[in-house]
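Everything on this sheet refers to the single structure shown next.
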Amino acid sequence: MALMTGEQYIESIRKIDMCVYMFGKKIEDRINDPILRPSLNSVRMTYDLAQMPEYEDLMTAVSPETGRRINRFTHIHRSTDDLVKKVKMQRLCGQKTASCFQRCVGMDAFNAVYSTSYETDQKYGTRYFENFKKFMFYVQDHDLTVDGAMTDPKGDRSLPPHLQADPDMFLRVVERRPDGIVVRGAKAHQTGILNSHEVIVMPTISMGPEDKDYAVSFAVPLDAKGLFMVIGRQSCDTRKMENSEMDVGNAEFGGVEALVVFDDVFVPNDRIFLNGETEFAGVLVERFAGYHRQSYGGCKVGVGDVLIGAAAVAADYNGVQKASHIKDKLIEMTHLNETLYCCGIACSAEGAPTEAGNYLINMLLANVCKQNITRFPYEITRLAEDIAGGLMVTAPSEKDLRDPKIGPYVEKYFKGVEGVSTENRLRILRLIENLVLGTAAVGYRTESMHGAGSPQAQRIMIARQGNLAMKKELAKKLAHIKE
Ligand code: SF4
Ligand code: FE
């Protein structure tokens, strides 16, 4: 089957009978819901761009197994060049949507499960790699979007899964049958799950032998019986219901997160990728997290490009574009943003093959990448707010601007430089507001902190990968220390 067009993608999602709740009600029309639709449009962009000849090299790849052209979001990375192109593709998608386009979690889960299932089979003689490859070909051939579900609710963070007061705080196998398993639990903060056709579930932490039932990975379609979602709120989300694209700032695109409940969901044997081999739970977590920490060196940089551009436009409209401190702030924002990109490219260029043959990023550099992302977008945001000015958070609504009586006053008193309409000035401020405080702030600012693991998770990996012993030896040798 050929790559799907954006329109075909939307239709394919419409056909899936998903169970989605928001504001205490089951959503009947997910596709046209004003709060949810922008997030669907963002994923659609990963299909639209793949149709454009100028982006073919970034957005698609040729499957070495089938020789068919597939969307890069369903690809298994076969070289460092593939890893670099992945980051560039994500920067492009961030630039086009200024939000989270969601499809990366499945790509990162794909590459993590590929190598981990292979190694599990080598050790235990299981058939997980074959299961996964069958699923992978199905996804590639139908050009599907896959969610990667890792984060369990976790309950008491000081306790492992099997010691939790409520055993469902981590997703687990509750029944083993000859034809498959039944799972119960939930995954929280699931990016883009309701815009996906399938979900790959993975464990969320390293596990010991007593956590056998929790060391499970599998894939199910989004209409699986017993699976339902509860949409998470975003700051200013109900503004999208006010029929003012101007007040929303970025009316076309957005992201979405949901709590996904697996209320005794059946998984057939050929959809299982890990089932009780506890020592591979941590391996899978580290690899998925590593890939997703690399991903942020692309997507957040693309969104950062839009924010820097918006701040520069606001400066033009305010007539301050020549002020040296404004120029310097834009330089600083660019420096920070490109530093993040350097990290994304570096961990890709330094990647290496796994036993299964696909390429893994350099783990130390990927964790450094994400650690920087927990900081720099906050500084970029601070500088954007500085340049934008207070009007970003005090400007009246579009309705006031359009009102025959009030409108002329809004027009007159919020005007900046001659030749730029008040409307355009307010539009660029609304876009900045959306990125730093509104619905897109979930995907840009706060997700930079917690997405792909909170800062401490990266520091643990940096400590593990930093090779301090080697560095001590370097120092001792030069100091002529003999112990
Ligand atoms: Fe992709 Fe970035 Fe969204 Fe993760 S946060 S799914 S890497 S766009
Ligand atoms: Fe994310």
Side-chain angles (χ1 to χ4, degrees), residues 38-47 49 58-59 71-75 77 83 85-112 145-151 187-196 199-200 202 204 232 234 250 253-258 260 285 287-307 337 340-341 343-345 347-348 361 366-367 369-374 376-377 435 439-455 457-458:
S39 72
L40 188 63
N41 292 342
S42 296
V43 184
R44 179 193 168 140
M45 185 58 85
T46 69
Y47 289 87
L49 291 172
L58 278 193
M59 297 300 302
N71 192 299
R72 189 174 294 282
F73 280 97
T74 68
H75 185 49
H77 317 303
L83 290 169
K85 280 183 180 155
K86 172 195 162 186
V87 172
K88 292 186 174 182
M89 167 180 77
Q90 289 167 313
R91 184 170 188 171
L92 174 72
C93 294
Q95 289 171 339
K96 300 287 185 190
T97 60
S99 50
C100 168
F101 37 90
Q102 306 146 52
R103 205 174 171 186
C104 329
V105 273
M107 167 174 55
D108 293 340
F110 251 49
N111 280 276
T145 290
V146 180
D147 179 60
M150 178 161 280
T151 311
K187 293 288 180 179
H189 331 301
Q190 282 314 296
T191 295
I193 181 134
L194 76 159
N195 301 323
S196 304
V199 52
I200 293 182
M202 297 162 283
T204 204
Q234 297 178 337
N250 180 359
F253 301 106
V256 70
E257 274 77 24
V260 191
V285 173
R287 288 183 187 171
F288 172 77
Y291 282 122
H292 211 54
R293 289 167 195 174
Q294 169 210 25
S295 285
Y296 279 33
C299 79
K300 300 290 180 262
V301 180
V303 180
D305 287 328
V306 177
L307 184 54
N337 204 42
L340 299 177
Y341 187 54
C343 294
I345 296 294
C347 70
S348 306
I361 58 291
N367 279 279
C369 177
K370 173 69 213 316
Q371 180 81 177
N372 282 333
I373 293 199
T374 65
F376 296 0
L435 283 164
T439 51
V442 180
Y444 185 64
R445 213 185 60 173
T446 313
E447 196 182 39
S448 290
M449 180 67 80
H450 295 294
S454 306
Q458 289 112 56

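Note that ligands are numbered from 1 as they come in the structure, with each ligand's atoms numbered from 1 the same way.
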inquiry  = For the NZ atom on Lys96, are there more than 12 heavy atoms of other groups (residues, nucleotides or ligands in this structure) within a distance under 6.0 Å?
reply    =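 No, because the 6.0 Å sphere around NZ of Lys96 holds 12 heavy atoms or fewer from other groups.
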task = Evaluate the ring planes of Phe101 and Phe73, with Trp represented by its six-membered ring, and classify them as parallel (under 30°), tilted (30 to 60°) or perpendicular (over 60°).
result =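 Perpendicular: the ring planes of Phe101 and Phe73 meet at over 60°.
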key: Near atom 3 (Fe) of ligand 1 (cut-off under 2.8 Å), count of protein N, O or S atoms   =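 Considering protein N, O and S only, atom 3 (Fe) of ligand 1 has 1 within range.
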message = Between Thr374 and Gln458, does the side-chain contact (heavy atoms from CB on, under 4.5 Å) criterion hold? Intermediate values first, please.
response = CA-CA 10 Å; Thr374 65; Gln458 289 112 56; 3.5 Å; yes
ask   = Is the NZ or CZ atom of Arg103 positioned over Tyr47's six-membered ring, under 6.0 angstrom from the centre and within 45° of the axis?
value =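 The answer is yes, since Arg103 meets both limits relative to Tyr47.
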request  = Give the residue, atom name and distance (to 0.1 Å) of the protein heavy atom nearest atom 4 (Fe) of ligand 1.
outcome  =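 The closest heavy atom on the protein side is His292 NE2, 2.6 Å.
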How would you list, by chain and number, every residue that makes a ring pair (Phe, Tyr, Trp, His ring centres under 6.0 Å) with [X], sequence neighbours excluded?
| X | answer |
| --- | --- |
| Phe253 | none |
| His75 | none |
| Tyr444 | none |

inquiry  = Show the atoms of ligand 1 that are less than 4.0 angstrom away from any heavy atom in Lys300.
reply    =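 Going through ligand 1 atom by atom, the ones under 4.0 Å from Lys300 are 2 (Fe), 5 (S).
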query = Which ligand 1 atoms, with their elements, are less than 4.0 angstrom from a heavy-atom of Tyr296?
reply =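 Close to Tyr296: 4 (Fe), 5 (S), 7 (S).
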